[in-house]
Each structure stands twice: as structure tokens, then as C-alpha cells.
Number of protein chains: 2
Amino acid sequence: MPRPPSNRPRGPKPQRVDADQLLDAAQEVFAREGLRAASLRAIARQAGCDPALIYYHFDSKEAMFTALLDRRFPPVIRELTHLADPSDARPTVLRLWEVLGIYHRHLGGDPGIRSLVRGEIVRGTEGIQELIQGRMAAAATQVRNLLEQGIARGEVRPGLHPLLATFFFVKLHLEILDVLPMVAPRFLNISPEAAVREGERGWLELFWRGIAADPLAPLPPLPDSGSKEFRP
Amino acid sequence: MPRPPSNRPRGPKPQRVDADQLLDAAQEVFAREGLRAASLRAIARQAGCDPALIYYHFDSKEAMFTALLDRRFPPVIRELTHLADPSDARPTVLRLWEVLGIYHRHLGGDPGIRSLVRGEIVRGTEGIQELIQGRMAAAATQVRNLLEQGIARGEVRPGLHPLLATFFFVKLHLEILDVLPMVAPRFLNISPEAAVREGERGWLELFWRGIAADPLAPLPPLPDSGSKEFRP
DNA sequence: CTCATGATTCAACGGTCGTTGAATTAGGTG
DNA sequence: CACCTAATTCAACGACCGTTGAATCATGAG
């Protein structure tokens with residue numbers, strides 16, 4: 001039996017919810033649940049509105065996800081492009097350290113977007129796969145440029161496969177951000193934050209030793225990721 | 001209006017479906033869809049039986065997943081334990097190469113189980129998380145032992161953090177198996193199989209250069225992963 | 001043959017999901 | 001004030017999900 005129409009007010013709540021706030025909420029819920037498991041109802045609850053409102057601002061759940069990507073990737077690509085400027089004469093190892101800093105700052109606090117991107121690459125829908133791979137290609141190209149400049153300057157050993165090394169460098173960094181914090185308390189007996197800090201430093205040292213023309217040369221001091229100098 | 005009872009035979013089909021066949025089907029569907037998205041109906045369709053039959057052999061979907069893990073992990077751990085035997089006097093770099101071989105052989109053809117394990121570690125249910133981390137700990141311990149033997153023999157540089165290095169070594173290898181094949185055709189212009197082959201070789205060379213006591217010493221020849229010698 | 005038992009299917013339950021159409025309200029404009 | 005439009009909510013639809021209980025069949029033992 002259909003109950004009689006309710007007497008609740010049906011209009012907009014005192015606080016407006018715009019598309020950007022919806023994306024904030026989606027980011028949080030995607031981070032917790034993943035793309036498939038995150039429900040529009042949960043996103044709406046997080047944003048404090050009705051699920052149907054999402055369809056006023058976006059065409060579908062998938063459109064919401066691509067809008068989320070469009071908000072996240074451009075700044076990363078912009079900073080990486082600036083960092084890969086050939087006129088930057090700093091040691092290559094320092095510039096690689098800043099690559100980690102850029103990823104850390106832009107994606108560090110958001111495990112959802114990373115797991116999401118990775119998950120969609122490995123087994124996502126075809127359309128989303130191409131979208132993500134396009135964004136990733138732009139970022140990866142800059143790191144590759146940086147490595148090739150290092151080879152040209154004689155700092156990086158020739159014979160290195162720049163694209164493969166880029167894949168190694170970036171991919172393991174994302175794993176350090178993603179899964180090292182989850183296993184660190186159990187396996188390394190340290191806090192998640194310390195794990196990421198030590199992990200990034202250890203990874204850069206190992207990676208640089210692996211690609212440097214002179215692997216035994218001491219590393220220059222690496223600024224702490226929390227310090228001001230780390231932010232270009 | 002409920003239609004009258006059908007006249008289809010209700011008994012068992014000519015082909016029996018036992019628990020192991022159900023696990024085979026589950027493995028395939030989990031591989032395609034992931035744990036959450038894989039439906040019991042899809043698994044049953046893959047196995048050629050009714051969804052309800054799953055509940056005759058397993059208590060729940062989650063129990064099916066843990067049964068799948070119990071079928072997969074023990075052989076890996078057994079082989080790794082054998083490889084980490086301290087009386088094995090082969091060069092450490094060769095033994096590390098065999099670690100890759102073991103993972104490759106046991107998990108190489110099954111992206112589902114890998115993505116699944118990783119996904120459940122990063123954001124899985126609490127019970128499953130502990131289950132998986134327990135299995136992973138047993139495998140990781142053997143690799144760590146191997147690295148520590150390398151340090152004791154003077155082949156690996158002291159000052160290396162063995163557990164962190166283990167994390168790097170194994171984790172990036174899994175990424176090579178998982179995502180390199182997906183991006184290789186687009187970024188490296190090579191086939192997925194060639195990408196895994198070159199990726200594993202390149203990774204071992206870079207990693208070994210990063211941890212070796214003498215990083216400039218030439219590597220011994222690494223047997224091909226397809227050859228007989230690769231299988232201990 | 002009879003019958004017990006294990007294997008399998010059917011149909012349904014309650015729940016959640018993405019999505020939609022209509023109803024409703026707030027705020028600005030005339 | 002009246003009116004229009006943009007923003008928001010409600011209620012529902014159909015689909016699929018994990019799970020269950022009862023019914024059915026196959027098979028082997030007595």
C-alpha cells in the first residue's frame with residue numbers, strides 16, 4: 001500500500017551543494033571503497049544531499065569519475081613538465097627526488113585515486129583505460145625526458161632503457177605510497193608515515209645506485225619531504 | 001502470477017562439478033572481475049552449474065576465496081623455502097633471479113589472484129587482510145633470508161635494509177607481471193610477453209646494481225625463464 | 001526392488017544498486 | 001506581488017546480488 005505523500009520539504013537544503021563539493025565527496029568515498037564498490041548513495045550521504053542530485057551535475061557515475069581525474073592530473077603534469085625543463089642544471093638525482101615529491105604532494109593523501117587508477121588500468125572498462133593511460137603517458141614522458149637528460153649529461157649510465165626505468169621508478173613509488181603503509185606496522189614495526197618516509201628515501205638510493213654512471217659516488221643531501229625546500 | 005512448476009529435470013547434470021572445478025571457475029571470474037564484482041552467478045555459469053551448488057561445497061563467497069588462496073600459496077612458499085636454504089652456495093644474484101622465476105611460474109598466468117591479493121591488502125575486509133598478510137609474510141621471510149645470506153657472504157652491500165629491499169624486489173616484480181603487459185603495447189611498442197621478459201631482466205639488473213657490494217661487477221648469465229634450467 | 005543419501009536445481013527473499021521522472025522549493029527578475 | 005528558472009528531493013523502476021529451503025534427480029547399498 002503506497003503511503004500518502006510525505007510532508008517533508010522537498011526543496012533545496014540551506015547549504016547548496018555544487019559539482020565541486022560532490023567531487024570532494026566522491027573522492028573520499030572512492031578512496032574508501034574503490035570505483036565499483038562506491039555507491040552513489042554513499043557519495044550523496046557524504047556530500048549531504050540526495051543521490052538524484054548527482055545526476056543534475058553529472059551524466060553518470062562514470063562521468064563523475066572522469067571529472068575527478070580531470071581535476072587531479074593537470075597540476076601534476078604541469079609541475080613535472082616544469083621540472084623536466086632542460087635548462088635545469090641541478091644534479092639528476094636531485095630532480096628525481098623532486099619527482100617523488102610531486103607525486104607525494106598531489107597523490108599522497110589520496111589512496112583512492114591511486115588504487116582506482118591502477119585498478120582501472122589492470123582490469124577497467126575500455127574507455128576509462130584509454131583515458132587514464134593518456135594522462136599517465138603525459139606524466140611518464142616528463143620523467144623519461146629527465147632520465148635522457150641525465151644520460152646526455154653523463155650522470156646516468158648509457159644502456160639504460162629510459163622508459164622501462166621510468167616505469168620502475170614511478171610504479172614502485174606508487175606502491176610505496178599505497179601498500180607499504182598497510183604492511184609496515186606488521187612487517188617493519190614502524191608507523192605508516194615513517195614507512196613512507198624511509199621507503200621513498202631507500203627507494204631513491206637503490207634506484208639511483210642502479211642507474212647512475214658512477215654508482216659508488218655519494219648522494220647529495222636530499223631535503224626532507226616535509227621541508228619547505230621540497231616544494232618548488 | 002506464479003507460473004506452474006517447470007518440467008525441466010532438476011537432478012544433477014551428466015557432468016559432476018566438484019569443489020576443485022568450482023575453484024577453477026572462481027579463479028577465472030575473480031581474475032576478470034575482481035573479488036567484489038565477481039558474482040556467484042557468473043562463477044556458476046563458468047562452471048556450468050547452478051549458483052546454489054556453490055553453497056553445497058563452500059560456506060560463502062568469502063570462504064571460496066580463502067579456499068582459493070589455500071590452493072595457491074603453499075607451493076610458492078615451499079619452493080621459496082627450499083631456495084633460501086643456507087647451504088645453497090650459488091651466487092645471490094642467481095638465487096634472486098630464481099625468486100622471480102618462482103613467482104612467475106606460480107602467479108604469472110593468473111592476474112586475478114595478484115590483483116585480488118593486492119586489492120584486499122590495500123582496502124580489503126579486515127579478516128581477509130590478516131589472512132593474506134600472513135601468507136605474504138611467510139613468502140617475504142624467505143626472500144629476506146636470502147638477502148641476509150648475501151650480506152653475510154659479502155655479495156650484498158651492508159647497510160641495506162633487507163626487509164625494505166624485499167618489499168621493493170617482490171612488489172615491483174608483481175607490478176611487472178600485472179601492469180607492464182597492459183601498458184607495454186602503448187608505451188614501449190612491444191608485445192605483453194616481451195614486456196614481461198624484458199621487464200624482469202631489466203629489473204633484476206637494476207635491483208642487483210642497487211644492492212650489490214660491487215655494483216660494477218658483470219652479472220653471471222641469467223637462464224631464460226622459459227628454459228628447463230629455470231625450473232628447479 | 002526399496003530406500004537412503006549425496007548432488008543438483010528451482011524459486012524466491014530481502015537487499016542494494018544506478019538511474020529516472022515528477023514534484024517541490026529557493027532565489028532572482030520583472 | 002507574481003513568475004520563471006535552477007536546484008533539490010521523493011519515490012519508484014528494473015536489474016542484479018548473496019543466500020536459503022525445499023524439491024528433484026542419480027547412484028549405490030541392502
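What you see below is based on every heavy atom in this structure, not just the backbone, and it leaves out hydrogens, waters and symmetry mates.
By the ring pair (Phe, Tyr, Trp, His ring centres under 6.0 Å) test, B:Phe167 is found to be paired with no residue, residues two or more places apart in sequence or in another chain being considered. Legend: residues meeting side-chain hydrogen bond (donor to acceptor under 3.5 Å, both in side chains) with B:Gln46, ordered by chain and number and at least two apart, are B:Glu28. Not a single side-chain hydrogen bond (donor to acceptor under 3.5 Å, both in side chains) links A:His161 to another residue, sequence neighbours left out.
Comparing C:dT19, C:dT9, D:dT9 by their closest approach to the side chain of A:Pro51 singles out C:dT19. Residue A:Tyr56 places its side chain closer to D:dT8 than to any other of C:dT9, D:dT8, C:dG18. Checking C:dC10, D:dA6, C:dT19 against every side-chain atom of B:Ala52, the shortest atom distance belongs to C:dC10.
Rounded to a whole Å, the CE atom of A:Met64 is 14 Å from the C1' atom of C:dT19. Following rounding to the nearest Å, A:Phe58 (CZ) and C:dG18 (P) show an atom-to-atom distance of 15 Å. As rounded to whole Å, 11 Å separates atom P of C:dT9 from atom CD1 of B:Ile54. In this structure, B:Leu53 atom CG and D:dC25 atom P are separated by 17 Å, rounded to whole Å. At whole-Å resolution of the value, NE2 in B:His57 and C1' in C:dT9 are 13 Å apart. Between the C1' atom of D:dA7 and the CG atom of A:Asp50 lies a distance of 12 Å, rounded to the nearest Å.
At least one side-chain heavy atom of A:Lys171 sits less than 4.5 Å from a side-chain heavy atom of B:Leu172.
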Side-chain donor-acceptor distances from residues 189-196 of chain B under 3.5 Å, at least two apart:
unit_1   : atom_1 : unit_2   : atom_2 : d
B:Ser191 : OG     : B:Glu193 : OE1    : 3.4
B:Ser191 : OG     : B:Ala194 : N      : 3.1

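Applying the salt bridge (charged side-chain N to carboxylate O under 4.0 Å, His left out) rule to pairs touching residues 65-74 of chain A yields A:Asp20-A:Arg71, A:Asp24-A:Arg71, A:Asp70-A:Arg135, A:Arg72-A:Asp110, sequence neighbours excluded.
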Any protein N or O atoms within reach of nucleotides 14-17 of chain D? Criterion: under 3.5 Å, listing atom names and distances.
unit_1 : atom_1 : unit_2  : atom_2 : d
D:dC17 : OP1    : B:Ser39 : OG     : 3.0

